[in-house]
Amino acid sequence: MKAVINTEKAPAAIGPYSQGIQAGNLIITSGQIPADPATGAFPEGIEAQTRQSLENCKNILEAAGASMANVIKTTVFLSDMNNFAAMNAVYATYFEGAFPARSAVQAARLPKDALVEIECIAAV
């Protein structure tokens, strides 16, 4: 059985998908671009965009009663792999102790020309 996760603290879906889904003890977020949930605007630069994408993930997880500490896997999509180090510096501040497993790939183009998109899988 699955449950839809929805919060006003993350951008509304821009297509036929949910912000997140909980199935059993797993919570899976959709990929989060760096849109401010109140305005839809993107901050400038890879560091600020990484922070906003992770805040969006964090808010979805919190809506399901979880936190970033529950994250076991992330996928990071970058528009340019040259931004990896700057993204990584911000990303590291969102996790304590053992980091989750992660994939990071360069995508030809991200929604709304974002510099980064991040999705999470958490276990509760």
Side-chain angles (χ1 to χ4, degrees):
M1 190 157 141
K2 67 181 180 180
V4 173
I5 303 163
N6 191 35
T7 179
E8 293 181 6
K9 293 182 179 181
I14 56 175
Y17 62 89
S18 300
Q19 290 174 321
I21 293 288
Q22 182 164 6
N25 70 332
L26 292 180
I27 299 168
I28 303 167
T29 72
S30 290
Q32 294 301 301
I33 57 175
D36 179 296
T39 67
F42 287 5
E44 294 286 326
I46 188 62
E47 292 92 348
Q49 287 199 16
T50 299
R51 189 171 298 104
Q52 184 63 59
S53 291
L54 286 165
E55 285 296 317
N56 293 341
C57 288
K58 179 179 157 188
N59 288 333
I60 293 167
L61 293 170
E62 288 177 352
S67 72
M68 296 300 276
N70 296 103
V71 175
I72 58 173
K73 169 73 168 76
T74 64
T75 305
V76 178
F77 303 93
L78 293 164
S79 65
D80 184 345
M81 197 54 84
N82 289 319
N83 287 331
F84 181 85
M87 173 281 298
N88 212 37
V90 174
Y91 176 96
T93 67
Y94 277 79
F95 301 98
E96 293 182 20
F99 290 104
R102 180 179 77 186
S103 301
V105 298
Q106 180 173 314
R109 190 170 181 198
L110 295 172
K112 297 189 174 187
D113 292 319
L115 300 178
V116 63
E117 179 175 1
I118 301 172
E119 61 187 27
C120 298
I121 300 173
V124 292

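Please read these numbers as outputs of a predicted model, since none were measured by experiment.
- For the residue pair Q22 and G24, the shortest heavy atom distance occurs at NE2-O, 3.4 Å.
- Using a 4.5 Å heavy-atom cutoff, the side chains of M68 and L54 are in contact.
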Legend entry - Test log, rule side-chain contact (heavy atoms from CB on, under 4.5 Å), inputs Q49 and N83: CA-CA 11 Å; Q49 287 199 16; N83 287 331; over 6 Å; no
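- Across all non-hydrogen atoms, the minimal contact from P43 to P34 is CD-O, 3.2 Å.
- Summarising the geometry, atom CD belonging to E8 is positioned 9.5 Å from atom CD belonging to Q19; distances are rounded to the nearest 0.5 Å.
- What you find for A10 and Q32 is that their closest heavy atoms are CB-OE1, 4.2 Å.
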Legend entry - Candidate pair F42 and I33, rule side-chain contact (heavy atoms from CB on, under 4.5 Å), full reasoning: CA-CA 9 Å; F42 287 5; I33 57 175; 3.8 Å; yes
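- For the pair Q106 and F84, the minimum side-chain heavy-atom distance is 4.5 Å or more.
- You'll find the side chain of N70 stays beyond 4.5 Å of the side chain of L61, heavy atoms only.
- The shortest side-chain heavy-atom distance between I118 and Y94 does not fall under the 4.5 Å cut-off.
- Within the 4.5 Å cutoff, side-chain heavy atoms of I46 are placed close to those of L78.
- Here the shortest heavy-atom pairing between S30 and Y17 reads OG-CD1, 3.5 Å.
- There is no path of hydrophobic side-chain contacts, each under 4.5 Å, that joins I121 to V124.
- Heavy-atom minimum distance, I60 versus G20: CG2-CA, 4.2 Å.
- In this structure the side chain of F99 never reaches within 4.5 angstrom of the side chain of T74, judged on heavy atoms.
- Within the 4.5 Å cutoff, no side-chain heavy atoms of E119 are placed close to those of I28.
- In this structure the side chain of K58 never reaches within 4.5 angstrom of the side chain of C120, judged on heavy atoms.
- Among V90, V116, L115, the one residue that satisfies the side-chain contact (heavy atoms from CB on, under 4.5 Å) test with E47 is V90.
- Between the side chains of Q52 and N56, at least one donor N or O lies within less than 3.5 Å of an accepting N or O.
- The minimum heavy-atom distance between S79 and L110, with the atom names listed, is N-CD1, 3.8 Å.
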Inset, instruction - Show your reasoning for whether side-chain contact (heavy atoms from CB on, under 4.5 Å) applies to I27 and I5. - result: CA-CA 9 Å; I27 299 168; I5 303 163; 3.4 Å; yes
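- With a 6.0 Å cutoff to the six-membered ring centre and a 45° limit on the axis angle, R102 counts as a cation-pi contact of Y91.
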